[in-house]
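Here's the structure we're looking at; comments come further down.
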Protein chains: 2
Amino acid sequence: MWLNLMAKKALTTEEKILEAAKKVFHRKGYEGARMQEIADEAGINKALLHYYFRTKENLFDAVFKAAFREIFTKLFTTVDSNVPLEEKLKNLINEYICFLQKNSYIPGFILAELNQNPEKIIEVFKSVPVSPSLLFERMKKSVNDEKLEKTDVRELFINILSLCIFPIIARPMIQHIFEFSDEEFDQFIEKRKKELPVFIMNAIRKK
Amino acid sequence: MWLNLMAKKALTTEEKILEAAKKVFHRKGYEGARMQEIADEAGINKALLHYYFRTKENLFDAVFKAAFREIFTKLFTTVDSNVPLEEKLKNLINEYICFLQKNSYIPGFILAELNQNPEKIIEVFKSVPVSPSLLFERMKKSVNDEKLEKTDVRELFINILSLCIFPIIARPMIQHIFEFSDEEFDQFIEKRKKELPVFIMNAIRKK
DNA sequence: ATCTGGTTAAACTATGTGGTTAAACCTAAT
DNA sequence: ATTAGGTTTAACCACATAGTTTAACCAGAT
């Protein structure tokens, strides 16, 4: 009795709030974010904010879990294909970096909050509908099939993640020390999409 | 007339404050840190805190610049040797990861604060006594000397940084998805010290 | 017409926080 | 003995913030 009755306004109030909270929390973190700012961003008032999500923590948890779910399901599903390793690597890196470009605040947001509250990871990981162990089984198979250096799959996994994610969170530093404009930085990332798979394949291929 | 008169207490009050502020700011960030907590951690009271560093921002800037200086000078000086590239890489990675292990909060702290205030980088980079361009000249020479794939030095530089730093800031996540105890995580990093140089050399060596 | 749930406005509480102040204390240098 | 700088204590101010409350408003459902 309370659903789908809106045709003109595309977003429900709850969605508007979550969108606004996402923006603010991603940029400023839990401590830096202000409920008033979120309300303003959502175009509503503070009272309504508390009417939907009773506390700041509730709202934050919703945003945090959503971000976590997004980045992990994206990661775990982009490997779900039957093409050979090199091809798979290309797809994974390309898709994942594209995702990160569109959601550049997510990794920094998650890592920062997680470093401040490492215990939250247990709770928050429950909202991820994909299991990491499955992913590793698949990766292990791919790696063993080919003529490659003996490679610890976990090591490889972390290396791929590092190479994809770090440049995104270190953007301000990279732009400064390389004196990149915004466009030049984007080109730099664009180039990585092509060169990272080569870099990684070289690293693990038998000589 | 106001110096070196202390023999028993190893640290001056100012140093005690800076140490305390470092701990608190590194763990909680600017917004999350409380002046009272810093005072407690330093074993003094709030009044004295403001007596030394008038404002929270002053104190934070001091801590931030110190962290920045530390991590960058360390990075830039570990490449300052005349050994062949592979050796140099081994040294760099080993020394840098050791440094990061001992200062595991620094990279996350800097990246988080820099993402929230990217404009601060200009000011803060002035406190780094080493220039990055010098580093790149040296790296370029090393890379061109050997029989290697044509490699963009900047790309290589970022890759090395990514592979060293990311695992440190992603520690809570890594520990959880790999189900690592603290000891196992340390072993994981220890292993990386040896395997990262191999990984990278393979990646850039001509086949 | 009325009822209901979403919504607003504005005032309000309680608490925490950065920062200040003033008085007293202690100790080492003069 | 006096001075001066570092230090403590404790009270204090101004302000911002999370969260609450109340009354009124409005639109769609009954």
Side-chain angles (χ1 to χ4, degrees), chain A residues 1-65 113 116-117 120, chain B residues 1-65 109 112-113 116-117 120:
Chain A
M1 51 162 126
W2 38 268
L3 252 188
N4 55 3
L5 23 120
M6 36 237 35
K8 44 188 293 196
K9 56 169 161 178
L11 296 177
T12 69
T13 304
E14 191 169 343
E15 287 168 338
K16 273 194 301 184
I17 293 177
L18 282 171
E19 273 308 302
K22 189 172 151 181
K23 261 193 208 167
V24 178
F25 278 132
H26 283 196
R27 271 198 297 252
K28 315 221 170 163
Y30 180 81
E31 295 284 353
R34 299 287 165 248
M35 293 298 267
Q36 185 60 58
E37 195 183 345
I38 296 174
D40 291 346
E41 180 77 38
I44 59 167
N45 61 358
K46 221 177 36 159
L48 197 57
L49 209 57
H50 284 93
Y51 176 78
Y52 276 85
F53 300 82
R54 280 193 352 273
T55 66
K56 186 183 186 182
E57 222 185 329
N58 284 158
L59 183 52
F60 177 81
D61 283 353
V63 171
F64 191 58
K65 277 184 189 167
E113 299 297 333
Q116 277 167 41
N117 292 49
K120 273 203 174 178
Chain B
M1 49 163 125
W2 38 268
L3 252 187
N4 55 2
L5 23 122
M6 38 235 35
K8 45 189 293 198
K9 55 170 160 178
L11 296 178
T12 68
T13 303
E14 191 169 342
E15 287 167 337
K16 273 195 299 183
I17 293 177
L18 281 172
E19 274 307 303
K22 189 172 152 181
K23 261 193 208 169
V24 178
F25 278 133
H26 281 196
R27 270 198 297 252
K28 314 222 169 162
Y30 180 80
E31 296 283 353
R34 300 286 163 249
M35 293 298 268
Q36 185 59 58
E37 195 183 345
I38 295 175
D40 293 345
E41 180 77 39
I44 59 165
N45 58 359
K46 221 176 38 158
L48 198 57
L49 209 57
H50 285 93
Y51 176 78
Y52 276 85
F53 300 81
R54 282 201 342 281
T55 65
K56 187 183 185 182
E57 222 184 329
N58 284 159
L59 184 51
F60 177 81
D61 283 352
V63 172
F64 191 59
K65 276 183 189 166
F109 169 66
E113 299 297 333
Q116 276 167 40
N117 292 48
K120 275 203 170 176

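Each chain gets a letter, A, B and so on, in the order the sequences are listed, and its residues count up from 1.
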Could you check whether Ala39(B) gets within reach of a base, just the sugar-phosphate, or nothing at all, counting any heavy atom under 4.0 Å? nothing
Tell me, do Lys56(A) and Ile38(A) make a side-chain contact under 4.5 Å, heavy atoms counted? no
Proximal nucleotide (of dG19(C), dT20(D), dT7(D)) relative to the His50(B) side chain: dG19(C)
Do the side chain of Lys46(B) and the base of dG19(C) come within less than 3.5 angstrom through a donor-acceptor pair of N or O atoms? yes
Report yes if a side-chain nitrogen or oxygen of Thr55(B) is closer than 4.0 Å to either non-bridging phosphate oxygen (OP1 or OP2) of dG18(C); otherwise report no. no
Nearest to the Ala47(B) side chain among dG19(C), dT7(C), dA10(D), which nucleotide is it? dA10(D)
Looking only at the side chain of Tyr52(A) (C-beta and beyond, no hydrogens), which of the listed nucleotides dT21(C), dT8(C), dG6(C) gets closest? dG6(C)
Among dG18(C), dG6(D), dG6(C), which is the nearest nucleotide to the side chain of Tyr51(A)? dG6(C)
Take the protein atom NZ of Lys16(B) and the nucleotide atom P of dG6(D), then report the distance between them rounded to whole Å. 14 Å
I need the CD-P distance between Glu37(B) and dG16(C), as an integer number of Å. 14 Å
Whole angstrom value for the distance that separates C1' of dA18(D) from CG of Leu48(A): 16 Å
Atom-to-atom span, CD of Glu31(B) to C1' of dG18(C) - whole angstrom: 12 Å
Between atom CZ in Phe53(B) and atom P in dT20(C), what is the gap in whole Å? 15 Å
Under 4.0 Å between a side-chain N/O of Arg34(B) and OP1 or OP2 of dG16(C), yes or no? no
For Leu59(A) and Leu18(A), run side-chain contact (heavy atoms from CB on, under 4.5 Å): C-alpha distance rounded to whole Å, both residues' side-chain angles, the deciding distance at 0.1 Å, then the answer. CA-CA 8 Å; Leu59(A) 183 52; Leu18(A) 282 171; 4.1 Å; yes
Atom CG of Leu11(A) and atom P of dT7(C) are separated, to the nearest Å, by 12 Å
So that I can tick it off, tell me whether Arg34(B) and Asp40(B) are bridged by a salt bridge, with the cut-off set at under 4.0 angstrom between side-chain N and carboxylate O. no
Length of the CG-P vector between Asn45(A) and dT22(D), whole Å: 17 Å
Considering only heavy side-chain atoms of Ile44(B), the closest of dT8(D), dG19(C), dG6(C) is dT8(D)
Counting the benzene-type ring for Trp, do Phe25(B) and Phe109(B) have ring centres under 6.0 Å apart? no
For the side chain of Glu14(B) and the backbone of Tyr52(B), is there at least one donor-acceptor N/O pair under 3.5 Å apart? no
To the nearest Å, give me how far apart CZ (Arg54(B)) and P (dT20(C)) are. 8 Å
From the set dG6(C), dG19(C), dA18(D), return the single nucleotide nearest to any side-chain atom of Met35(B). dG19(C)
